[in-house]
There are 2 protein chains.
Amino acid sequence: MNEQDFLAAYDPRAYPAVAVTVDVVALTIRDGAAHLLLIRRGEQPHAGLWALPGGFVRPDEDLVAAARRELAEETGLDGEPLRRVHVEQLASYGAPDRDPRMRIVSIAHLAFAPDLPDATAGTDADEAVWVPVAELTNRQLAFDHGQIVADGLERARAKLEYTPLATRFLAPEFTIGELRAVYETVWGHQLHAGNFHRKVLSVPGFVESTGASTERGGTRGGPRARLYRAGDARLLHPALLRPAREETVR
Amino acid sequence: MNEQDFLAAYDPRAYPAVAVTVDVVALTIRDGAAHLLLIRRGEQPHAGLWALPGGFVRPDEDLVAAARRELAEETGLDGEPLRRVHVEQLASYGAPDRDPRMRIVSIAHLAFAPDLPDATAGTDADEAVWVPVAELTNRQLAFDHGQIVADGLERARAKLEYTPLATRFLAPEFTIGELRAVYETVWGHQLHAGNFHRKVLSVPGFVESTGASTERGGTRGGPRARLYRAGDARLLHPALLRPAREETVR
DNA sequence: TCGGTCACTCTCATTTAGAGAACATCTCGA
DNA sequence: TCGAGATGTTCTCTAAATGAGAGTGACCGA
């Protein structure tokens, strides 16, 4: 322990300043494809690259509150629609050189939002755009945001297995088919409609019936579907497991 | 946005300083009971209370590296034994009032260690003690460390379901019975020995046989058991699921 | 030497998941 | 208006995984 470390043990101000930010991996599903909220950076470093929405945590603000505030500022969301967005902490990123300006530790958050109307111009939501996740492959993101997004997507896939959070991508009332589409989009492969139906209805507290049905059948035909809303379960038991993915296991 | 916020958007130093620390929830299993590494605080605030080992992140140090360093300092571990300890990020805690002195954001980490000899006196590992987790109920920990420990224990229980990390609580070679004891301790209930045995051997990459057996039977009788070491799987598939816990689901 | 413990294997019943199909209802275009 | 095709929902059959119980034999300590 050198002298600086020794002093710092008593007074962290003996170290160079550290800044704490939040970044948000906000996901939604639009036109059957996963979309991610991104901002085009206007300034150095990484000017012109896409980056996650985020910013400094304010002195009187909890971490999740900061993430919600950033999300609200960038999307123009507020009130009930904002309340319907699920936000949770994802992980923290603090490699010493992740930002060339200074030591910045970012507390990344993960958000699941229903398909929202685009932020109206004139609000703070200047540059935020919902970008299809599929377009991100090989596209460079600012800082370590590529890694953060990858971690967020993997977390999202896992969360759908054992939580009912898939419903957060949908309107308050939804059909089993719409719910299945969420799973297929996030997991990236087709599911057996009949088995999915059976499973969803068999997991206690996942969905509850509204008694109503859709006004019309699907755009390409088919009968009207029954409408459900999210149930009171916070965890799915037994979980909906993804098929084995041998490659990721080892 | 007030003027301070406005300035801070460009220069975080316009805000009061924020400090970043790491705290470590280090778990081990000793005498068939889960133990947690704690330190008795010598100074205010919370002098005399038990607290998690932790400290400030140094300028050139990654977050996990800081956690490993703190763990090493407090346990006196080093080299190969330290390398066998599993350390992963748990979550970040940043409520504005969690430390009365200043705004401190703590990146909590979770560590799984094999049963280690107690830190020898004379090292830096002054005050760190392995405390049985069972003794913690109702005992007050410093700051929000009670919540951090609770989150860490829940994460540990979940991790044993879908990762082979239970092996990190054991020596490099272990018997199925010892592995089962880890699960029983962390999950807090008995498992069916025969079914557990079948399951562990059927999950690809969980354990691999050494070909050897223990020198002697168990202390209370029974045959010599075959020895295994950890396999190459990073995820267990299919997972070892805990029995349903109805109460935690809703 | 004996009772008891434990590793390991096996059987059987139950539950859960995978696959395919039946059937009714609906949309859309011919 | 009619028919093709799509979809929601339910069912059947099979395979796989799990829970529970028991048997066998090695081993310890008394």
Side-chain angles (χ1 to χ4, degrees), chain A residues 32 160-162 170 173-185 187 189-204 206-228 236-246 249, chain B residues 32 160-162 170 173-184 187 189-204 206-229 235-246:
Chain A
L160 292 209
E161 290 194 301
Y162 61 93
L170 298 171
E173 300 197 348
F174 50 85
T175 68
I176 304 290
E178 289 165 346
L179 186 61
R180 177 163 49 83
V182 171
Y183 277 88
E184 291 178 337
T185 301
W187 285 353
H189 41 71
Q190 301 287 109
L191 299 174
H192 184 291
N195 293 342
F196 182 85
H197 201 106
R198 175 181 61 187
K199 176 70 182 177
V200 167
L201 295 185
S202 76
V203 174
F206 191 0
V207 299
E208 60 184 34
S209 175
T210 66
S213 293
T214 53
E215 289 294 319
R216 300 173 39 83
T219 47
R220 282 174 300 190
R224 300 183 199 172
R226 278 174 229 161
L227 285 168
Y228 296 84
L236 303 182
H237 203 91
L240 280 93
L241 298 175
R242 288 178 271 183
R245 332 116 254 179
E246 183 69 39
V249 171
Chain B
L160 293 209
E161 291 194 299
Y162 61 94
L170 298 170
E173 300 196 349
F174 51 85
T175 68
I176 303 289
E178 289 164 348
L179 186 61
R180 178 164 48 83
V182 171
Y183 277 88
E184 291 177 336
W187 284 353
H189 42 72
Q190 300 286 109
L191 299 174
H192 184 292
N195 292 342
F196 182 85
H197 201 107
R198 175 181 62 187
K199 177 70 181 177
V200 167
L201 295 185
S202 75
V203 174
F206 191 1
V207 299
E208 60 184 33
S209 175
T210 66
S213 294
T214 52
E215 289 294 320
R216 301 174 35 84
T219 46
R220 282 174 303 187
R224 301 183 196 173
R226 280 172 228 164
L227 286 167
Y228 297 84
R229 57 177 155 258
L235 294 174
L236 303 182
H237 204 92
L240 279 94
L241 298 176
R242 289 178 270 183
R245 335 117 250 176
E246 184 69 39

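Sequence lines set the chain letters: A, B, ... in the order given, protein chains first and strands last, and positions in each chain run from 1.
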### Query
After noting the C-alpha distance and the side-chain angles of B:V203 and B:K199, does the key distance pass the side-chain contact (heavy atoms from CB on, under 4.5 Å) rule?
CA-CA 6 Å; B:V203 174; B:K199 177 70 181 177; 3.7 Å; yes
### Task
Evaluate side-chain contact (heavy atoms from CB on, under 4.5 Å) for A:F196 paired with A:L240, printing each intermediate quantity in order.
CA-CA 9 Å; A:F196 182 85; A:L240 280 93; 3.7 Å; yes
### Message
The test is side-chain contact (heavy atoms from CB on, under 4.5 Å); show your working for B:T175 and B:L170 and say whether it passes.
### Response
CA-CA 9 Å; B:T175 68; B:L170 298 170; over 6 Å; no
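At the phosphate of D:dT10, OP1 or OP2 sits under 4.0 Å from a side-chain N or O atom of A:R226. Remark: A:R224 is not in phosphate contact with C:dT25, judged by side-chain N or O atoms under 4.0 Å from OP1 or OP2. Phosphate proximity of C:dT25 to A:R220: absent, as no side-chain N or O sits under 4.0 Å from OP1 or OP2. For A:H197 and D:dG8, the shortest distance from a side-chain N or O to OP1 or OP2 is not below 4.0 Å.
Annotation: the span from B:E208 atom CD to B:L227 atom CG amounts to 12.5 Å, rounded to 0.5 Å.
As rounded to whole Å, 14 Å separates atom P of C:dC6 from atom CZ of B:R216. As rounded to whole Å, 17 Å separates atom P of C:dC6 from atom CG of B:L179. In this structure, NE2 of A:H237 is placed 15 Å from P of C:dT15, rounded to the nearest angstrom. For the pair A:L227 CG and D:dG8 P, the computed distance is 12 Å after rounding to whole Å. Spacing between atom CD of A:E215 and atom C1' of C:dC26 amounts to 14 Å, rounded to whole angstrom units. Between A:E178 atom CD and D:dG8 atom C1' the separation is 12 Å, expressed in whole Å.
Base contact: A:G221 has a heavy atom under 4.0 Å from a base atom. Residue A:T175 is classed as having no contact, given no heavy-atom separation below 4.0 Å to the nucleic acid.
Side-chain atoms of A:V200 and A:Y228, non-hydrogen and from C-beta on, never get closer than 4.5 Å to each other.
Using a cutoff of 4.0 Å between basic side-chain nitrogens and carboxylate oxygens, A:E215 and A:R224 are not scored as salt-bridged.
Nearer to the 5' terminus of DNA chain C, by closest-nucleotide assignment, is the contact made by B:G222 (compared with the other of B:I176 and B:G222).
Residues B:L241 and B:W187 approach most closely at C-CH2, 4.2 Å, considering heavy atoms.
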### Query
Just by protein heavy atoms under 4.0 Å, how would nucleotides 12-24 of chain D read 5' to 3' in B, S and -?
B-----BBBB---
